[in-house]
Amino acid sequence: MTTDSLAGRSLIEPDDLSLKELDRILTLGAHIAADPGRYRDVCRGKILATLFFEPSTRTRLSFEAAMQRLGGTTLGFAEPDASSTAKGESLADTIHTVSCYADIIAMRNPKEGAALLASRHSEVPVINAGDGGHHHPTQTLTDLLTIRSVKHKTEGLTVGFCGDLKFGRTVHSLIKTLARYPGNRFVLISPPELELPEYLVSRVLKPAGIPFTTARRLEDTIASLDILYMTRVQKERFFNEEDYLRLKDSYILDKAKLNLAGSSLAVLHPLPRVNEIHPEVDSDPRALYFRQVQFGMYVRMALIALLTGAPLPEENE
Ligand code: CP
């Protein structure tokens, strides 16, 4: 027996999932995190392709670790120059080809909309592992599972987003998703040049009546937060180096700033970090970003199992 209606579907942005489906993935992710060995054979015989047209450490390797821990195998490339893209092959043809070899594809591409295009040319589910400054739905699943692990809920939270809110696809995906749960409010902390795109304010926050404020200084707002979501100023999204150099160290979370926060604050960061969190913060119990990395693998195990329709141990009980 297969799992449910998620089988065979692609995941391009978090809105592709209903709140019930999100809960299904997060609940399975939590079960896997509690007892990963129980799931070691559920994808035996299945193949995951990881196609990365942009650099990655966590997303690509956690997808590969996830499939291997489910008993499946992986193939793919970590940079486009190692594929026939370098010879001029179109994305559509690459995806059509790989979907003849694999049961599921995880793809990262610098172009917004590339994942949607890929899903239209694939015979198998495509998971968006990041498309430019657009979306990163599996990072959102990672963030939600981490938040649930410490707050035991995803609603009624005051969440501060700090840093590059303009280009940060992890921020865009998480804001869109948290806006669907009741009672959440946002504090948007950024320099004027890196504010949240206007479309997210006018098409997501305002229609949903989400309370939000903007701030320039982390010190002024950190005490009011349940969650602080730090982000990197992304060099690769800037058109000129001068602007990047001017803005890159806008926010640095250190012990002095963390001392202004409440004891139950949860500090998240999708990583990689550059300077925005001082390593002296890492040993603070409120620093969750390396636990977040681990949750990322478990929630990707859940997602792969559900999208491939793998039989789960729960169903045989
Ligand atoms: N969080 C994240 O997407 O990290 P990578 O760029 O290392 O995959």
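Scope of the values below: all heavy atoms of this structure, side chains included, with no hydrogens, waters or symmetry mates. Order of appearance sets the numbers: ligands from 1, and atoms from 1 within every ligand.
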Judged by heavy atoms only, the candidate from H136, E54, Q292, R60 nearest atom 3 (O) of ligand 1 is H136

L271 heavy atoms within 4.0 Å reach ligand 1 at atoms 1 (N), 2 (C), 4 (O)

Below 3.5 Å, N or O to N or O, backbone or side chain included: is there any such pair between P270 and ligand 1?
yes

For T57, the ligand 1 atoms with a heavy-atom partner under 4.0 Å come out as 5 (P), 7 (O), 8 (O)

Atom 6 (O) of ligand 1 sits nearest the protein heavy atom R108 NH1, 3.0 Å

Nearest heavy-atom contact between S173 and P137 is OG-N, 4.1 Å

Side chains of residues 108-115: which donor-acceptor partners sit under 3.5 Å, not counting sequence neighbours?
unit_1	atom_1	unit_2	atom_2	d
R108	NE	A129	O	2.8
R108	NH1	P55	O	2.9
R108	NH2	T59	OG1	3.0
R108	NH2	A129	O	3.2
R108	NH2	H136	NE2	3.2
N109	OD1	K111	N	3.0
E112	OE2	G133	N	2.8

So salt bridge (Lys or Arg N to Asp or Glu O under 4.0 Å) across residues 206-226, not counting sequence neighbours, yields E195-R216, R217-E219, R217-D220

What one should report as the nearest heavy-atom pair of M230 and P270 is O-CD, 3.3 Å

Would you call D284-K255 a salt bridge at under 4.0 Å N-O? no

